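Inspection log for the structure reproduced underneath, given as structure tokens.
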Amino acid sequence: MTEGGLFITFEGTDGSGKTTQLRRLGERLRAAGLPVLETVEPGGTPIGQQIRRILLDNANQELDRRAEMLLYFASRAQNVHQWILPHLAKGGVVLCDRFTDSTLAYQGGGRGLGDETVLTLHRIACGTLQPDITIYLDIDLEAGLARAKAGRDKLDRMDAQSLEFHRSVRATYLRLAAAEPARFRVIDAAPAADIVEQAIWSVIEPALETAHVR
Ligand code: TMP
């Protein structure tokens with residue numbers, strides 16, 4: 001557990017519906033009177049937004065996988081120090097759409113850079129900060145990519161990776177979830193959004209009782 005506040009991250013492959021679910025949880029928590037910060041990686045802060053544009057721009061096909069990993073961590077370091085830690089220190093709840101587990105899955109797994117490199121950078125960028133709870137929304141790859149495509153005219157640089165890449169991302173997530181069952185909650189993302197929302201709430205509600213949130 002973080003010393004103060006409650007740090008909840010959302011993870012999943014593209015099209016798992018995590019952004020919708022994060023917003024729904026944010027609404028519930030605010031309705032319960034809790035101070036909530038909703039943020040996203042990469043992105044979050046204004047500086048992070050500029051880094052996000054580089055990362056997702058389809059024109060940047062030559063981006064080296066190590067440079068890519070460092071950019072994800074640059075965005076994260078800014079978010080952790082500018083927004084996340086100060087909000088947790090005040091006893092608030094932070095909901096973060098993706099965090100270091102994404103880098104473990106996409107760069108460590110998908111790009112083959114491995115866990116150790118990613119975890120070393122995590123310590124530099126984020127110190128000892130770890131999520132209290134990670135909601136992993138699991139979805140079949142084809143169904144997820146079809147959802148990700150719906151409503152968008154073109155895929156971003158990451159969505160457009162091979163099926164093999166996305167397969168390795170999902171396999172890494174499932175390995176991470178199995179290794180840390182107390183933190184990771186695997187939720188089936190295939191059912192309708194209301195059902196998924198209820199499943200997430202049944203994980204979060206009891207955690208609020210024991211967390212130091214105010
Ligand atoms: P989003 O579309 O969920 O906001 O995420 C942007 C893309 O960036 C998504 O395809 C996953 C990818 N990503 C990584 O490859 N590594 C990371 O560390 C993060 C946070 C995201």
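When a ligand or atom number is given, it counts from 1 through the structure's own listing order. As a basis for the values below, the full set of heavy atoms in this structure was taken, side chains included, without hydrogen atoms, waters or symmetry mates. Quantities reported herein were computed from a predicted structural model and do not represent experimental measurements.
- Salt-bridge check for Glu68 with Arg111: passed, with a basic side-chain N closer than 4.0 Å to an acidic carboxylate O.
- Linking ILVMFWY residues whenever their side-chain heavy atoms come closer than 4.5 Å, directly or via other members, leaves Leu25 and Ile195 in distinct clusters.
- Between Asp138 and Arg170, at least one side-chain N (NZ, or NE/NH1/NH2) sits under 4.0 Å from a carboxylate O, which counts as a salt bridge.
- The ring pair (Phe, Tyr, Trp, His ring centres under 6.0 Å) contacts involving residues 167-190 comprise Tyr136-Tyr173, where partners must be two or more places apart or lie in separate chains.
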Report each N/O pair between ligand 1 and the protein that falls under 3.5 Å, naming both atoms.
unit_1: ligand 1; atom_1: 3 (O); unit_2: Lys18; atom_2: NZ; d: 2.8
unit_1: ligand 1; atom_1: 3 (O); unit_2: Arg98; atom_2: NE; d: 2.7
unit_1: ligand 1; atom_1: 3 (O); unit_2: Arg98; atom_2: NH2; d: 3.4
unit_1: ligand 1; atom_1: 4 (O); unit_2: Arg52; atom_2: NH1; d: 3.0
unit_1: ligand 1; atom_1: 4 (O); unit_2: Arg52; atom_2: NH2; d: 3.0
unit_1: ligand 1; atom_1: 5 (O); unit_2: Arg98; atom_2: NE; d: 3.1
unit_1: ligand 1; atom_1: 8 (O); unit_2: Tyr72; atom_2: OH; d: 2.9
unit_1: ligand 1; atom_1: 10 (O); unit_2: Asp14; atom_2: OD2; d: 2.9
unit_1: ligand 1; atom_1: 13 (N); unit_2: Tyr72; atom_2: OH; d: 3.3
unit_1: ligand 1; atom_1: 15 (O); unit_2: Tyr72; atom_2: OH; d: 3.3
unit_1: ligand 1; atom_1: 15 (O); unit_2: Gln107; atom_2: NE2; d: 2.9
unit_1: ligand 1; atom_1: 16 (N); unit_2: Gln107; atom_2: OE1; d: 2.8
unit_1: ligand 1; atom_1: 18 (O); unit_2: Arg76; atom_2: NH2; d: 3.1
unit_1: ligand 1; atom_1: 18 (O); unit_2: Thr103; atom_2: N; d: 3.3
unit_1: ligand 1; atom_1: 18 (O); unit_2: Thr103; atom_2: OG1; d: 2.6

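- Residues satisfying the ring-ring contact (aromatic ring centres under 6.0 Å, His included) criterion with Tyr72, sequence neighbours excluded, are absent altogether.
- Among residues two or more places apart in sequence or in another chain, the salt bridge (Lys or Arg N to Asp or Glu O under 4.0 Å) test is passed with Glu38 by Arg30.
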